[in-house]
Amino acid sequence: MDAKKRFDEIAEEIKKVKIQGAGNIAKSALYAYSLIPTKESIKKLLSLRPTEPMLEKVLSLVGKKSYMEILSHFDSAQNGINRYVIKLIKNKDRIFTHCHSTNVVNALVFAKKSWAKFEVYNTETRPLFQGRRTADELRKAGIKVTMFVDSASAIAMEKENRKDKVYVNKVFLGADALLHNGIINKIGSGLISELAYSHKIPVYIIADSWKYSRKKVPIENRSLNEIWNRAPKDIRIKNPAFEFVPKKYITGIVTELGIMKYDKFVKKMRN
Ligand code: RI2
């Protein structure tokens, strides 16, 4: 296929969230860049999903490292993450997660394959229902999964649900951006983290350290049609795709560098 046509196809798939998740976006953008390696390509690729520092990180390495070197980071980081996440999982855990994160799903599948007996509660994640993908991938790996609508997150975590003594006792969230004062992840993540904090349920961020950014990262606002196609014109609709989670709600962060308190991670990244 013609390189320009393929480049445009990948760009469209990233824009429309057919290619989703910080890592997958960064890898696909790298491939698209390899087809047309120009400054304009970088500009175009960066504009597709503004809340993705990993995309920027990968494109900034082009020319300094080979494609193979850049790509090899993803697997080695995931392997590191898997090894640390398994240390956090105990028998009979009920782990709550939101949206779809490759880093989170891969770590859970690795834990299941290793030995761990746990189950997952997850959210469907409106408006694009990325939670369905999470539920499906976990199910295929033999993990018991129960899905809730986003607005039932409180019920999923509430005490009444704890009668069987097996209750949500950990929240694992992925991330799009790791900032000095907290993280950015899919819309709903702030609410879920605040809820978990109020129930004293630990929240762990599971993410590749290449998502770290020293810059101000904007929150992407997406098409209103994702919320309500052909809505009456006089109804205002907002569709922020992401949400900030302040570090006070984060018990720890798991990256390929280890399990750390959030401040320690930031300090390490700054050095
Ligand atoms: P990976 C996703 O963004 C979600 O917010 C998710 O938590 C994050 O990327 C995870 O990234 P989107 O592309 O762990 O679904 O997959 O908007 O790298």
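Order of appearance sets the numbers: ligands from 1, and atoms from 1 within every ligand. Note that the structure is a prediction, hence the values are computed from the model and not measured.
Evaluated by nearest non-hydrogen atom to atom 18 (O) of ligand 1, the leading choice among G23, A77, S101, A177 is G23. For atom 7 (O) of ligand 1, the choice among L173, N185, I184 with the nearest heavy atom turns out to be N185.
The proximity of R49 to ligand 1, defined as any non-hydrogen pair under 4.0 Å, is limited to the side chain. If you look at A175 next to ligand 1, the close heavy atoms, those under 4.0 Å, all belong to the backbone. Of all the heavy atoms of K211, the ones lying under 4.0 Å from any atom of ligand 1 belong exclusively to the side chain. When heavy-atom distances to ligand 1 are checked against a 4.0 Å cut-off, A22 comes that close through both its backbone and its side chain. Within the 4.0 Å heavy-atom criterion, the part of I25 lying near ligand 1 is the side chain and not the backbone.
Taking the six-membered ring wherever Trp is involved, the centroid distance between the rings of F96 and Y121 does not fall below 6.0 Å.
Cation-pi geometry between K170 and Y204 is not met: the NZ or CZ atom fails to fall both under 6.0 Å from the ring centre and inside 45° of the normal.
Taking atom 5 (O) of ligand 1 as the reference point, the nearest protein heavy-atom neighbour is D176 OD2, 2.6 Å. With respect to atom 12 (P) of ligand 1, the closest heavy atom belonging to the protein is K186 NZ, 3.5 Å. Remark: minimum distance from atom 16 (O) of ligand 1 to any protein heavy atom is reached at T102 N, 2.8 Å. Considering only non-hydrogen protein atoms, atom 6 (C) of ligand 1 sits nearest to H100 O, 3.3 Å. Protein heavy atom at the shortest distance from atom 15 (O) of ligand 1 is Q130 NE2, 2.5 Å.
Proximity of C99 to ligand 1 is established by a heavy-atom distance of less than 4.0 Å. Every heavy atom of N24 sits 4.0 Å or more from the atoms of ligand 1. At a 4.0 Å cut-off, not a single heavy atom of M54 sits close enough to ligand 1 to count as contact.
At least one N/O-N/O distance between G21 and ligand 1 falls below 3.5 Å.
Electrostatic pairing of R126 and D150 does not count as a salt bridge here, judged by no charged N lying under 4.0 Å from a carboxylate O.
A side-chain donor-acceptor contact under 3.5 Å links K112 to the backbone of G142.
A donor and an acceptor atom, one from each side chain of E56 and S213, are nowhere located under 3.5 Å apart. Checked by atom type, the side-chain pair Q78/N103 shows a donor-acceptor distance below 3.5 Å. Using modelled atom types, one finds no donor on one side chain facing an acceptor on the other under 3.5 Å when comparing H100 with T134.
From E52, atom CD reaches atom CD1 of I14 across 9.5 Å, with rounding to the nearest 0.5 Å. Atoms CG and NZ, on L224 and K238 in that order, are 9.5 Å from each other to the nearest 0.5 Å.
Note on I81 and F110: separate hydrophobic clusters, where clusters join Ile, Leu, Val, Met, Phe, Trp and Tyr whose side-chain heavy atoms are under 4.5 Å apart, directly or indirectly. A continuous path of Ile, Leu, Val, Met, Phe, Trp and Tyr side chains, each step under 4.5 Å between heavy atoms, connects Y31 with L55, placing both in one hydrophobic cluster.
Within the listing of ligand 1, atoms 14 (O) sit less than 4.0 angstrom from a heavy atom of N103. Less than 4.0 angstrom separates some heavy atom of Q20 from each of these atoms of ligand 1: 13 (O), 15 (O).
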